[in-house]
Amino acid sequence: MLFAFSIAPATSDQPDGSMAHIVARAVKVVNDSGLPTETNSMFTIVEGEWDQVMPVIKRACDAVAEVSPRVSLVLKADLRPGQVDAMHGKVERLNAELAQHE
């Protein structure tokens, strides 16, 4: 199963509004989980089963809540049990289709 999520604080103490130093706290929790993960400019994706991933997302939210009085969580899930390395497989299949149309 794939879980794409974004965790953000409600406020930032940076003059330019940057939240990277706070979001990094959440991403570190996810990276330390040992689960397959990727982070891009908008979301962090983590692969695993419900019981593996949801506690990680909660800990990541808690890490942000330690420095922000309010936390926003956006979560999207692709619930397809039994798939292995879906994070990369989906992209590989898409790229194969695109190559056929060139």
Side-chain angles (χ1 to χ4, degrees):
M1 298 179 193
L2 294 176
F3 297 82
F5 60 97
S6 173
I7 301 170
T11 60
S12 173
D13 59 357
Q14 300 297 303
D16 66 354
S18 175
M19 298 182 178
H21 64 295
I22 300 173
V23 172
R25 298 169 64 94
V27 173
K28 181 171 181 354
V29 168
V30 177
N31 290 346
D32 290 350
S33 74
L35 295 171
T37 182
E38 289 182 3
T39 298
N40 60 44
S41 62
M42 295 291 292
F43 289 94
T44 294
I45 302 168
V46 64
E47 186 166 1
E49 299 299 320
W50 276 108
D51 294 341
Q52 296 173 303
V53 175
M54 294 312 284
V56 172
I57 293 173
K58 181 184 184 320
R59 287 194 308 272
C61 287
D62 291 345
V64 172
E66 289 174 359
V67 295
S68 176
R70 188 173 185 180
V71 179
S72 172
L73 169 66
V74 175
L75 173 65
K76 181 177 181 177
D78 181 358
L79 306 176
R80 196 170 172 198
Q83 295 294 306
V84 177
D85 196 26
M87 191 178 331
H88 298 108
K90 288 177 77 168
V91 175
E92 289 168 4
R93 289 188 297 277
L94 174 62
N95 286 336
E97 287 294 324
L98 288 170
Q100 289 181 2
H101 297 283
E102 290 182 353

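Just so you know, these numbers use all the heavy atoms, side chains as well, and skip hydrogens, waters and symmetry mates. Worth saying up front: this structure is predicted, and the values here are computed from it rather than measured.
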Flag side-chain contact, heavy atom, 4.5 Å: R25 against I7: no
Pairs touching residues 91-102 that satisfy side-chain hydrogen bond (donor to acceptor under 3.5 Å, both in side chains), sequence neighbours left out: none
ILVMFWY cluster, I57 and V64 together (side-chain gap under 4.5 Å): yes
Residues clustering with V91 (ILVMFWY side chains joined when closer than 4.5 Å, directly or via others): none
Within 6.0 angstrom of D51 CG, more than 12 heavy atoms from elsewhere: no
For the student: nearest non-hydrogen atoms of K28 and D32, plus distance: NZ-OD2, 2.6 Å
Any L79 side-chain heavy atom under 4.5 Å of F3 side chain: yes
Hydrophobic cluster identity match, V30 and M1, side-chain contacts under 4.5 Å: yes
Working for side-chain contact (heavy atoms from CB on, under 4.5 Å), residues H21 and D13: CA-CA 10 Å; H21 64 295; D13 59 357; 3.0 Å; yes
Same apolar cluster: V71 and L73, side chain cutoff 4.5 Å: yes
Side chain to side chain, L2 and E38, heavy atoms closer than 4.5 Å: no
Same cluster (ILVMFWY, side-chain, under 4.5 Å), I45 and V29: no
N/O donor-acceptor pair under 3.5 Å between T37 side chain and N31 backbone: no
Over all atoms of both residues, closest heavy-atom pair of Q52 and E49: OE1-N, 2.7 Å
Distance-minimising heavy-atom pair for A8 and M19: CB-SD, 4.4 Å
Side chains of T11 and P69 in contact at under 4.5 Å (non-hydrogen atoms): yes
V56 reachable from L75 in the ILVMFWY side-chain graph, under 4.5 Å edges: yes
